[in-house]
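Atoms within each ligand, like the ligands themselves, are counted from 1 in listed order.
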Amino acid sequence: MKDALVTIEGLNVSYRGSGRTAHILDGADITIGRGQSVGLVGESGSGKSTVAFAMLGLLADDAEVSADRAVFDGRETTFATQEMAALRGADISMIFQDPMTALNPMFTVGTQLVDIQRRRFPRESRRKLWARAQTMLADVGMQDAAARMRRYPHEFSGGMRQRVMIAMALLVEPKLLIADEPTTALDATIEAQVVEVLHRLRQRTAASMLIVSHSMGLIAELCDSVIVMYAGTVVESGPVRDVLHHPRHPYTRALLACEVDPYAAFHPSQDLATIPGNVPDPARRPEGCIFAGRCPSRHDRCSDKPPRRPADSGQVYSCWLEAA
Ligand SMILES: Nc1ncnc2c1ncn2[C@@H]1O[C@H](COP(=O)(O)OP(=O)(O)OP(=O)(O)O)[C@@H](O)[C@H]1O
Ligand SMILES: [Mg+2]
C-alpha cells in the first residue's frame, strides 16, 4: 500500500516454554493505511490479541517476536518490545476489552484523563488539560461530563467506563488506535451505544484504527477493510464489503456462516452451520494449508502451503482453489 501507516510482513510470535515451541503467529501480514480502519477477525485463539499486544510491546517476557519487515509511520522497527513500548501511549493507544484493567481505582476519572495527556502536552496547564478532558468526555457521549470528571471508576457502569477508555485513548491524539474486543464485556444495548461512539469517532478522527473482534458484523459496521486470521495465519484480507459479500477463503465462508448476530442480513447463504474440528495446537502446526484439517474443499494439493492469491477486488487469500 502506497500510504500505509503500518506495514508488517511475516510477523512471528512464539513461546518456547518447557515442551515444544508454540508458534502463535506464523508469518502474519498486517497493513493499515493512514486514516483507515481495519478489522481483525478470527475464532478465539487465532492470535488476534497477540497481534495487538505485539504492536503495543505488551507481550509476555518469554514471547519471541520477529518480523521480516515492519514499518510504523515511515520508520523501520525491529518489533523489539522496548521499541514498540516507546510508541505506546504517544503514537499508538489502546482500548481494552475490560476498561477496569486500564483505569486506576484510586484516582478520579478526571485526574486520569489529565495524567494521560502529560506526555503529549508536557507544558500545558492542568486547567487546560482538565477542560480538554471534559470536552472529550462529553464528545464520547458522557452526560454531565463536568460532574463525572470528579468521580471514581467504580462509580461508572461498564458502558460508561468504556466511554472513559475511548476518551482516554483519543486524548493523546494517537496515529493508531487499537481496540481489542471493545464491546464484548457489554450488554447488547450498551454495545450498540459504544459502537455508535466508535462510529462517530471514525468520521472525526484522523487516526488509523485496528479493531479486533470475532464479530464480522461489528467489523462491517466500523471498518474499511478486514484481515481474517486462522491459527496465527492471515488466510484472507481485503475491503470489508467484498470479503463479506464474496468471501474467497473457505475459512472466511465458514466463519460468516457461523456468525449469529443482528447483522445476519450481510451473510451469504452457506451450508456450513458450524466449523467441525478444532484449531490446531500451536505446538503442533500441520505442514501445508493450516485450515486443511477442517476444510470442506480440501484436496491433495493442500498438503503444500497454499499461495497468496490476489483478486481484482483487492482481496488476497491463501488457498489452492481458485475462488469463483
Ligand atoms: N504467554 C503465553 N504463552 C503461551 N501461549 C500463549 C501465551 N499467551 C497467549 N498464548 C496462546 O496464543 C494463542 C492466541 O491467543 P490470543 O489471545 O492472541 O487469541 P485471540 O484470537 O485474541 O482469542 P480471543 O478471541 O479468545 O481473545 C492461544 O492459543 C493462547 O493460548
Ligand atoms: Mg483476544
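- In this structure, atom 27 (O) of ligand 1 lies nearest to the protein heavy atom Ser49 OG, 3.9 Å.
- In the vicinity of Ser44, heavy-atom distances shorter than 4.0 Å reach the ligand 1 atoms 23 (O), 24 (P), 25 (O), 26 (O).
- For ligand 1, the polar-atom distance check finds an N/O of Lys48 within less than 3.5 Å of one of the ligand's N/O atoms.
- Comment: Asp139 does not engage Arg163 in a salt bridge, judged by the lack of any side-chain N to carboxylate O separation of less than 4.0 angstrom.
- Note that OG1 of Thr205 is 6.0 Å distant from CG of Leu170, once rounded to the nearest 0.5 Å.
- For the residue pair Glu236 / Gln315, a side-chain donor-acceptor distance below 3.5 Å is found, with atom types taken as modelled.
- Here Lys48 does not pair with Asp180 in a salt bridge; the nearest charged N to carboxylate O distance is not below 4.0 Å.
- By the definition of a contact as any protein heavy atom under 4.0 Å away, atom 31 (O) of ligand 1 is not in contact.
- Here the Mg ion (ligand 2) has protein N, O or S atoms under 2.8 Å from it, and they come to 1.
- In terms of protein heavy atoms, atom 15 (O) of ligand 1 is closest to Thr50 OG1, 3.8 Å.
- For ligand 1, the atoms sitting less than 4.0 Å from at least one non-hydrogen atom of Ser46 are 19 (O), 21 (O), numbered in the order shown with element in parentheses.
- Tyr251 and Glu43 form a side-chain donor-acceptor contact under 3.5 Å, judged by distance and modelled atom types alone.
- Looking only at atom types and distance, the side chain of Glu221 has no donor-acceptor partner in the side chain of His199 under 3.5 Å away.
- The cationic group of Arg151 does not satisfy the cation-pi geometry with Phe156, failing either the under 6.0 Å distance to the six-membered ring centre or the 45° limit from the ring axis.
- The contact set between ligand 1 and Ile24, taken as ligand atoms under 4.0 Å from a residue heavy atom, comprises 11 (C), 12 (O), 13 (C), 14 (C).
- Atom CZ of Arg118 sits in a crowded spot, with more than 12 heavy atoms from other residues, nucleotides or ligands closer than 6.0 Å.
- Ranking protein heavy atoms by distance to atom 14 (C) of ligand 1, first place goes to Gly45 O, 3.4 Å.
- Using a 4.0 Å cut-off between charged side-chain N and carboxylate O, Arg34 and Asp73 make a salt bridge.
- The shortest separation from a heavy atom of Ala22 to ligand 1 is not under 4.0 Å, leaving the residue out of contact.
- Residue Gly42 has no N or O atom closer than 3.5 Å to an N or O atom of ligand 1.
- The closest donor-acceptor contact from the side chain of Arg308 to the backbone of Tyr317 lies at 3.5 Å or more, if one exists at all.
- In this structure, the protein non-hydrogen atom closest to atom 5 (N) of ligand 1 is Tyr15 CD1, 3.6 Å.
- The backbone N or O of Gly158 lies less than 3.5 Å from no partner atom in the side chain of Gln162, so there is not a single donor-acceptor pair.
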